[in-house]
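The next block holds one structure in the form of structure tokens; read it before the comments.
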Amino acid sequence: MKVLLVLIGLTFSMQISAKHILDRCRDAALATGYVYENILSATVDTKKMDKEDQEIFWTLLTDDVFTIVKHYPKSYELGNYFPANSHLKFTFKLLRERDYSTDARLEDKQRNLIHYMSEVSGVKIDCAYAL
């Protein structure tokens with residue numbers, strides 16, 4: 001019985017401590033200033049992606065709650081299929097609203113899309129560094 005209670009306690013504590021990438025970036029931005037608060041980067045390893053993964057990634061990234069700030073390499077044209085065996089990096093901004101209730105709904109949608117984006121094979125979402 002004690003073992004079961006300990007396992008349940010550990011499970012809940014791990015779930016509570018797991019922060020969303022937006023929260024981690026905001027905390028880091030406030031604490032250090034080395035990262036942006038509402039700008040994220042997506043690193044894409046195309047070796048791990050098929051065309052379906054690429055289409056899912058584009059559908060999520062081009063939603064109207066984000067805006068692409070820049071991408072690397074510059075030779076890549078946005079919207080095309082990714083070149084084989086390469087790494088791409090996209091920096092995107094999370095849009096904000098002045099009205100709190102609208103902004104809260106917008107952020108909830110962004111959190112969901114970022115979660116699904118990070119689940120796509122070959123995609124890593126991280127804070128964008130302010131260099």
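Heads up: numbering here begins at 1 and tracks the sequence. Just so it is clear, the model here is predicted, and its values are computed rather than measured.
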(request) Please lay out, stage by stage, how Arg26 and Glu107 fare under the test salt bridge (charged side-chain N to carboxylate O under 4.0 Å, His left out). (result) CA-CA 13 Å; Arg26 285 185 183 143; Glu107 183 174 325; 2.9 Å; yes
(message) As a test of understanding, state which of His115, Arg105, Arg96 forms a side-chain contact (heavy atoms from CB on, under 4.5 Å) with Gln110.
(response) Arg96
(request) Could you tell me whether the side chain of Ile39 reaches within less than 4.5 Å of the side chain of Thr91, counting heavy atoms only? (result) yes
(request) Test Leu22 against Ile114 for side-chain contact (heavy atoms from CB on, under 4.5 Å), laying out the working first. (result) CA-CA 9 Å; Leu22 289 180; Ile114 291 167; 3.9 Å; yes
(message) Does any part of the side chain of Leu78, heavy atoms only, come nearer than 4.5 Å to the side chain of Phe90, both counted from C-beta?
(response) yes
(message) Please check this pair: side chain of Thr46 against backbone of Ser86, looking for a donor-acceptor N/O pair closer than 3.5 Å.
(response) yes
(request) Name all residues meeting the ring pair (Phe, Tyr, Trp, His ring centres under 6.0 Å) criterion together with Tyr34; count only those two or more places apart in sequence or in a different chain, and write none if there are none. (result) none
(request) Would you name the heavy atoms of Gly33 and Ala130 that are closest together and state the gap between them? (result) O-CB, 4.0 Å
(request) State yes or no: do Val69 and Ile125 share one hydrophobic cluster built from I, L, V, M, F, W and Y residues joined by side-chain heavy-atom distances below 4.5 Å, directly or via other members? (result) no
(request) Report yes or no: does Gln54 contribute a side-chain atom to a donor-acceptor pair with the main-chain N or O of Phe82 at less than 3.5 Å? (result) yes
(message) Could you check whether Asp27 pairs with Lys19 (Lys NZ or Arg NE/NH1/NH2 to Asp/Glu carboxylate O, under 4.0 Å)?
(response) yes
(request) Starting from the C-alpha separation in whole Å, work towards a yes-or-no answer on salt bridge (charged side-chain N to carboxylate O under 4.0 Å, His left out) for Lys89 and Asp126. (result) CA-CA 11 Å; Lys89 186 169 185 170; Asp126 206 356; over 6 Å; no
(message) salt bridge (charged side-chain N to carboxylate O under 4.0 Å, His left out), that's the test. Do Lys124 and Asp45 meet it? Break it down for me.
(response) CA-CA 9 Å; Lys124 182 177 184 293; Asp45 182 3; over 6 Å; no
(request) Considering non-hydrogen atoms only, spot the tightest contact between Val35 and Cys25 and give its length. (result) CG2-O, 3.6 Å
(request) Report the residues that fulfil ring pair (Phe, Tyr, Trp, His ring centres under 6.0 Å) with Phe66, sequence neighbours left out, ordered by chain and then residue number. (result) Phe92
(request) With sequence neighbours excluded, give me every side chain to side chain donor-acceptor pair (under 3.5 Å) pair touching residues 65-79. (result) Trp58-Tyr76
(request) Could you check Asp103 against Asp99 for side-chain contact (heavy atoms from CB on, under 4.5 Å), going step by step and ending with a plain yes or no? (result) CA-CA 6 Å; Asp103 191 55; Asp99 178 47; over 6 Å; no
(message) I need the Leu40 CG to Met117 CE distance, nearest 0.5 Å.
(response) 8.5 Å
(message) Is there a side-chain contact (heavy atoms from CB on, under 4.5 Å) between Thr59 and Phe57? Walk through the geometry before answering.
(response) CA-CA 5 Å; Thr59 302; Phe57 175 75; over 6 Å; no
(message) Are Met49 and Leu113 linked, directly or through intermediate hydrophobic residues, by side-chain heavy-atom contacts shorter than 4.5 Å (ILVMFWY only)?
(response) yes
(message) side-chain contact (heavy atoms from CB on, under 4.5 Å) for Val65 and Leu95? Distances and angles first, verdict last.
(response) CA-CA 6 Å; Val65 298; Leu95 301 179; 5.6 Å; no
(request) Could you pull out the closest heavy-atom pair between Ile68 and Leu61, with the gap in Å? (result) CD1-CD2, 3.8 Å
(request) Step by step, work out the salt bridge (charged side-chain N to carboxylate O under 4.0 Å, His left out) result for Lys48 and Asp53. (result) CA-CA 9 Å; Lys48 298 179 182 178; Asp53 288 334; over 6 Å; no
(request) Calculate, to the nearest 0.5 Å, the distance between atoms CG and OH belonging to Asp63 and Tyr116 respectively. (result) 13.0 Å
(message) Taking the side chain as everything from C-beta on, heavy atoms only, tell me whether Ile21 gets closer than 4.5 Å to Cys127.
(response) yes
